[in-house]
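Quick notes on the structure that follows.
Letters go in sequence order (proteins before strands), and every chain restarts at 1. Computation of the quantities below employed the complete heavy-atom set of this structure, encompassing side-chain atoms and omitting hydrogens, waters and symmetry-equivalent molecules.
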Amino acid sequence: MTIAVSQHPVRVRIAPSPTGDPHVGTAYIGLFCAAFAQRYGGQFILRLEDTDQKRSTRLSEDAIYRSLRWVGLQWHEGPDIGGPCGPYRQSERSTIYRQHCELLLANHSAYRCFCSAERLDQVRADQRSRKETARYDGFCRNLSAEQIQQQCDLGQAHVIRLKMPTEGDTVVPDALRGAVVYDNRQIDDQVLLKSDGLPTYHLANVVDDHLMGITHVIRAEEWLNSTPKHLHLYAAFGWQHPVFIHMPLLRNADKSKISKRKNPTSLEFYQRCGILPEAMLNFLGLMGYSRKDETGADVEKFTFAEMAADLDLERISLGGPVFDLEKLRWINGLYLRAFSPEQLADRALSWYREDDRAATIAALVQERVPELGDFMHHASPFYRGTLDYGLNARFLLVGAAAKKKTAVRLGAAGSLALFEDLIRQLEGLNAWTPSHVEECVRQAIATTPAGLGDGMMAVRVAVCGRPASPPLFESIIAIGRATVLVRLRQVCAMLADSNFMTDAIAATQRELDASRAALLAAEAPPVTPSSSAP
RNA sequence: GCCCCGUUAGUCUAGCGGUCAGGACACGGCCCUCUCAAGGCUGGGACAGGAGUUCAAUUCUCCUACGGGGCACCA
């Protein structure tokens, strides 16, 4: 199957939703979009899918721009730079969606639905108990005009649903998979307009892609199953649909869809621990894709321009690639070693200088630095990714501050609960300030038997890797949410391991034994040759 | 439960009917070496299983198994 590229200019887009830390998956899809656009001399558009009012934040939006710029992706149109098809923020396009919904209502390809959430839950539960596909039962599909008017007059809140065909098949032409066939009876009458008047992804996505002239939809495989709905939307509007290219999903080591629980997924995390943007992009370009030179030999190190120059999306392999930190680090090292010493020094310095936390961190560390040489020692927890936790750190993590008589042992289970609680709170925080963080930490500790001191120490060690650090809340702010959460999750994973302490104790014991053996050997008289050779 | 997608070593991948199944990360060994890296050489390790199609299947078809995704007034 060949990916059709018509005479029209290629236009592709990424459409992240600003609901959290900027995700490696966004950069992954963005990379292939941008490279595809470049390959065919088209445009690459950034659009914000912020129709979920509850979860979208400005904080996240800005972080997306920053991180995407950091990896080196450049968009031709977007909310921050404008363009001919704006606005590029879906929350600013509400009237467009509503107007289009009216169109669908008028031509009977959509209908108003007054069902309550409770009824829908009940319907779904019944269907599942009968082992059927859970889908809307069409209760409001055939309401009479009078019934609808009556409900509307009552001011009854309602949504607008797409009227899907009840029989036949829908064939999704996927550029990488060929024709994927769906039984229409499996497909829901999707909600297009929520009762708050905002569109769902499905509506907004189709309307925007059409209005913005998107020719190729390159998106993650998780969207494949909703493509039939999109196809019917295009048809209902009388529009031609774009070419669909569903990329494989990035995976955790256990092959599940990549998640922050099991992997650092935030681009900010990688930026702050010193992964080079070109290395990150290169690594992502290796996920599901490969390049070779004229001789047919595999090429693993390549720039964005090189990748774009001969990009062939049909070479994408569909098995979900595991996002392997080990290999990322290797590639990063490859780039680092390829620099001249001057370049390396330069990059290291600018990495530090361009970090907007430099002054903040300097302020935190200042009092603790008698000589400049101590600076990096104290600052290093702010610039690293994951941390190592030695024996002493592990003792402190479980709240065993041995020197204090009042110390409370939380134990592995207790501190696990503490950290999980803290993670939840920090995730939900929409203001990243020391006082907000302080409140979270205090609350989390308050639910445990530990005193503030022991609890704070446990948190400090988890976040900084050591018992001595600048003021905790300011440190947490400066380290950054993404990295703090990665560390806390790492600690949770450690605590959940029953060998959490015994492994560390055994390792320390081995070291001691080795040292003692070496000492004894040095003091013992030399072994006589005769004893070993009778 | 239902639907869809996928399946070459622990991991990323090459392969598009006939290959000694190639490369990379990781791992082991050796070399280099004041240490650690890096580098060089080298070793072990893969076509999920079963039916077909074919002179010939890793490659095509079907079934099974396993993995993943989807089934929201989230994207």
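- Using a 4.5 Å heavy-atom threshold, the side chains of A:Pro199 and A:Leu192 count as separate.
- Within the 4.0 Å cut-off from OP1 or OP2 of B:C2, not a single side-chain nitrogen or oxygen of A:Arg124 is found.
- Proximity note for A:Leu224 (side chain, C-beta onward) versus B:C73, B:C5, B:G70: the nearest is B:C5.
- Summarising the geometry, the separation between CG on A:Leu334 and C1' on B:C12 is reported as 14 Å, rounded to the nearest angstrom.
- Side-chain atoms of A:Thr200 and A:Lys194, non-hydrogen and from C-beta on, do get closer than 4.5 Å to each other.
- With A:Asp209 as the fixed residue, the side chain to side chain donor-acceptor pair (under 3.5 Å) test singles out one of A:His241, A:His216, A:Arg47: A:Arg47.
- Separating the CZ atom of A:Arg219 from the P atom of B:G70 is a distance of 13 Å, rounded to the nearest angstrom.
- A cation-pi contact, defined as under 6.0 Å to the ring centre and within 45° of the axis, is absent between A:Arg347 and A:Phe339.
- Rounding to whole angstrom units, CD1 of residue A:Ile331 and C1' of B:U11 are separated by 12 Å.
- Residue-to-nucleotide proximity on RNA chain B shows that, of A:Glu222 and A:Leu318, the 5′-proximal contact is made by A:Leu318.
- OP1 or OP2 of B:C74 lies within a sub-4.0 Å distance of a side-chain N or O belonging to A:Lys194.
- At a threshold of 4.0 angstrom between heavy atoms, the contacts of A:Val181 are confined to the sugar-phosphate backbone, with no base atom among them.
- When the P atom of B:G15 is taken as reference, atom CZ of A:Arg291 falls 14 Å away, rounded to whole Å.
- Side-chain atoms of A:Arg481 and A:Ser266, non-hydrogen and from C-beta on, never get closer than 4.5 Å to each other.
- Atom C1' of nucleotide B:G69 and atom CZ of A:Arg177 are separated by 10 Å, given to the nearest angstrom.
- Taking the six-membered ring where the residue is Trp, the centroids of A:Tyr234 and A:His210 are separated by 6.0 Å or more.
- Annotation: B:A48 and B:G43 have their P atoms spaced 25 Å apart (nearest Å).
- Using the Watson-Crick or G-U wobble rule with both distances under 3.5 Å, B:C71 pairs with B:G1.
- Here A:Phe283 lies out of heavy-atom contact (under 4.0 Å) with every strand.
- Base pairing of B:A46: no nucleotide in any strand meets the Watson-Crick or G-U wobble criterion (both distances under 3.5 Å).
- Pairing for B:U53 is absent, judged as Watson-Crick or G-U wobble with the two contacts each under 3.5 Å.
- Of the candidates B:A72, B:C74, B:C3, the closest approach to any side-chain atom of A:Tyr182 belongs to B:C3.
- With contacts defined as side-chain heavy-atom distances shorter than 4.5 Å, the pair A:Arg337/A:Leu334 qualifies.
- With both pairing distances under 3.5 Å, B:C16 is matched to nothing as a Watson-Crick or G-U wobble pair.
- With both ends at atom P, the span from B:U59 to B:C36 equals 47 Å, rounded to whole Å.
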Just list the side-chain donor-acceptor pairs under 3.5 Å for residues 22-37 of chain A, sequence neighbours left out, or say none.
{"from": "A:His23", "atom 1": "ND1", "to": "A:Gly25", "atom 2": "N", "distance (Å)": "2.8"}
{"from": "A:Tyr28", "atom 1": "OH", "to": "A:Met287", "atom 2": "O", "distance (Å)": "2.8"}

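- With sequence neighbours excluded, the residues that form a side-chain hydrogen bond (donor to acceptor under 3.5 Å, both in side chains) with A:Thr170 are A:Asn184, A:His232.
- At a threshold of 4.0 angstrom between heavy atoms, the contacts of A:Ser195 include nucleobase atoms, whether or not backbone atoms are also involved.
- Comparing the C1' positions of B:C47 and B:A38 gives a spacing of 34 Å, expressed to the nearest Å.
- Contact annotation: A:Lys255 side-chain N/O to B:C5 OP1/OP2 distance is not under 4.0 Å.
- In this entry the distance linking CD1 of A:Ile316 with P of B:U13 reads 9 Å, nearest Å.
- With C1' as the reference atom, B:G15 and B:U58 are 8 Å apart, rounded to whole Å.
- Base pairing of B:C25: its partner is B:G10, meeting the Watson-Crick or G-U wobble criterion (both donor-acceptor distances under 3.5 Å).
- If you check B:U59 for Watson-Crick or wobble pairing at under 3.5 angstrom, you find it has no partner at all.
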query: Just by protein heavy atoms under 4.0 Å, how would nucleotides 23-32 of chain B read 5' to 3' in B, S and -?
result: BBSS------

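- Note that A:Lys327 lies outside the cation-pi zone of A:Phe283, set by a 6.0 Å cut-off to the ring centre and a 45° limit from the axis.
- Within 4.0 Å of A:Arg329, counting heavy atoms only, lies no atom of the nucleic acid at all.
- A:Val180 comes within 4.0 angstrom of the backbone, heavy atoms only, and of no base.
- At B:G39, one or more side-chain N or O atoms of A:Arg337 fall inside 4.0 Å of OP1 or OP2 (strictly under the cut-off).
- Residues A:Phe44 and A:Gln38 have side chains not in contact (no heavy-atom distance under 4.5 Å, counting atoms from C-beta outward).
- Here A:Thr51 reaches the OP1 or OP2 of B:A75: one of its side-chain N or O atoms lies under 4.0 Å away.
- Atom P of B:G28 sits at a distance of 11 Å from the matching atom of B:A37, rounded to the whole Å.
- Rounded to whole Å, the separation between the C1' atoms of B:G23 and B:A14 comes to 7 Å.
- Distance CD (A:Gln127) to C1' (B:A72): 13 Å, rounded to an integer number of Å.
- Ranking B:C12, B:A14, B:G68 by closeness to the A:Arg315 side chain, first place goes to B:A14.
- At a threshold of 4.0 angstrom between heavy atoms, the contacts of A:Ser226 with the nucleic acid are absent.
- If you measure from atom CD of A:Glu221 to atom P of B:A75, you get 21 Å, rounded to the nearest angstrom.
- Closest to the side chain of A:Arg251, out of B:A75, B:G68, B:U13, is B:G68.
- Checking B:A14, B:C71, B:G69 against every side-chain atom of A:Leu249, the shortest atom distance belongs to B:G69.
- For B:C73, one of the phosphate oxygens OP1 or OP2 lies less than 4.0 angstrom from a side-chain nitrogen or oxygen of A:Arg161.
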